[in-house]
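To start, the structure itself, in structure tokens.
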Number of protein chains: 2
Amino acid sequence: MQEKLSSSLEDYLEVICNHIDKNKTVRAVDISKKLNVSRASVTEALKKLASKDMLLYDRYGSITMTEKGIKEAQRVVSKHTSLQKFFEKVLGLETEEASQNACRIEHVISEKAFEKISEFTENYIK
Amino acid sequence: MQEKLSSSLEDYLEVICNHIDKNKTVRAVDISKKLNVSRASVTEALKKLASKDMLLYDRYGSITMTEKGIKEAQRVVSKHTSLQKFFEKVLGLETEEASQNACRIEHVISEKAFEKISEFTENYIK
DNA sequence: ACAAAATGTTAGGCCTACCTTACAATATTC
DNA sequence: GAATATTGTAAGGTAGGCCTAACATTTTGT
């Protein structure tokens, strides 16, 4: 399968990556709770991510991220982190609100705009 | 019908409003060109917007915005304008890139975050 | 070890937003 | 005032992303 992930799949990947970092493993039900979607939707997303070589898994088996998946997830997570920092430290939003905005904007902002925001934030908080 | 518009419908409304402002009228084909979608998709969107009382139109008739539609469009347009200003004046992006980012982010940013960005931009360029 | 509970999957359906193709109505132009 | 070009619509299809209900598998507790 091809590369570019949808916003939705990026969200799944991000959650999976974060959960594994914290707990070593991740189950469909964890993802389902975190994203407020049904377990069935998680299964569907996992199939898609697997078909795009972002992770490995088989029916009832455990979920493992591939190199490619990890790289992709890190790209998304780092975007999230920087945006969140901007909303919190520069604009002064509450953590929760900053996170929610970061989560939605990370999928649609351009590379260039993202880099500018990061730079700006770093200079600003110095 | 109910209120809240999807990102997509917000885009249609914005284009319609801008086009009317500039040219007095707007046709389906203008919208289609501006948004890079088929004329058929425009018809579909117009039906939805009409059902939500955002505009008036009938088969082969001309398109007129309602009070409600104008209000809604202005809300979206003003968001777009402020965000664009932020990307251009604060971050230093090219006009085109700033506009594209504004266009995508305007649909997902929270009210509070938007207000903060506007304020910040105004203070910054002073 | 085996019943009960938790978790995962499948099937089938819904909605949005897009498309193409074919046809209908309106505008233009000779 | 036709013929032609432009514009608008209807029908039917695709794809993504979600759902519920029913069923399969695995885990847990005694």
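Lettering of chains follows the sequences in order, A, B, ..., and the numbering in each one begins at 1. Just so it is clear, the values below take in all heavy atoms, side chains as well, and ignore hydrogens, waters and symmetry mates.
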*For the pair made of NE2 in H19(B) and C1' in dT7(D), what is the distance, rounded to whole Å?*
14 Å
*Measure from the side-chain heavy atoms of Y60(A) and tell me the nearest of dG8(C), dC18(C), dG17(D).*
dG8(C)
*Between E44(A) (CD) and dC14(C) (P), how many Å, whole number?*
16 Å
_Any side-chain N or O of S41(B) below 4.0 angstrom from OP1/OP2 of dA17(C)?_
no
*Quick one: is S8(B) getting a side-chain N or O under 4.0 Å of the dC18(C) phosphate, OP1 or OP2?*
yes
*Any salt bridge between E111(B) and K79(B), counting N to O under 4.0 Å?*
yes
_For dT9(D) and T43(B) - does any side-chain N or O of the residue sit under 4.0 Å from the phosphate oxygens OP1/OP2?_
yes
*Any donor-acceptor pair under 3.5 Å between the side chain of R39(A) and the base of dG8(C)?*
yes
*May I ask you to evaluate whether S6(A) reaches the phosphate of dG17(D), defined as a side-chain N or O under 4.0 Å from OP1 or OP2?*
yes
*asked:* So A40(B), base contact, sugar-phosphate only, or nothing? Heavy-atom distance under 4.0 Å.
replied: base
_Whole angstrom value for the distance that separates P of dT26(D) from OH of Y57(A)_ = 14 Å
_Distance, rounded to the nearest Å, where L5(A) contributes CG and dG16(D) contributes P_ = 12 Å
*Taking only side-chain nitrogens and oxygens of R59(B), does any of them come within less than 4.0 Å of OP1 or OP2 of dT26(C)?*
no
*Between dG8(D), dC18(C), dA24(D), spot the one nearest the side chain of A28(B), thanks.*
dG8(D)
_Expressed as a whole number of angstroms, how long is the span from L46(A):CG to dC18(D):P?_
12 Å
*Would R75(B) and E72(B) pass as an ion pair if we require N to O under 4.0 Å?*
yes
*Measure the distance from NZ on K48(A) to P on dC18(D) and round it to the nearest whole Å.*
8 Å
*Taking atom types as modelled and ignoring hydrogens, do the side chains of S110(A) and N101(B) form a donor-acceptor contact shorter than 3.5 angstrom?*
yes
*Quick one: is K47(A) getting a side-chain N or O under 4.0 Å of the dT10(C) phosphate, OP1 or OP2?*
yes
*Take the protein atom CG of N36(A) and the nucleotide atom P of dG17(D), then report the distance between them rounded to whole Å.*
17 Å
*Classify the ring geometry between F86(A) and F120(A) as parallel (under 30°), tilted (30 to 60°) or perpendicular (over 60°).*
perpendicular
*asked:* Side-chain N or O of S38(B) versus OP1/OP2 of dC19(C): is the shortest distance under 4.0 Å?
replied: yes
*asked:* What is the separation between atom CG on D58(A) and atom P on dT7(C), rounded to the nearest whole Å?
replied: 20 Å
*Taking atom types as modelled and ignoring hydrogens, do the side chains of S41(B) and S38(B) form a donor-acceptor contact shorter than 3.5 angstrom?*
yes
*Do the side-chain N or O atoms of R27(A) get closer than 4.0 angstrom to the phosphate oxygens (OP1, OP2) of dT7(C)?*
yes
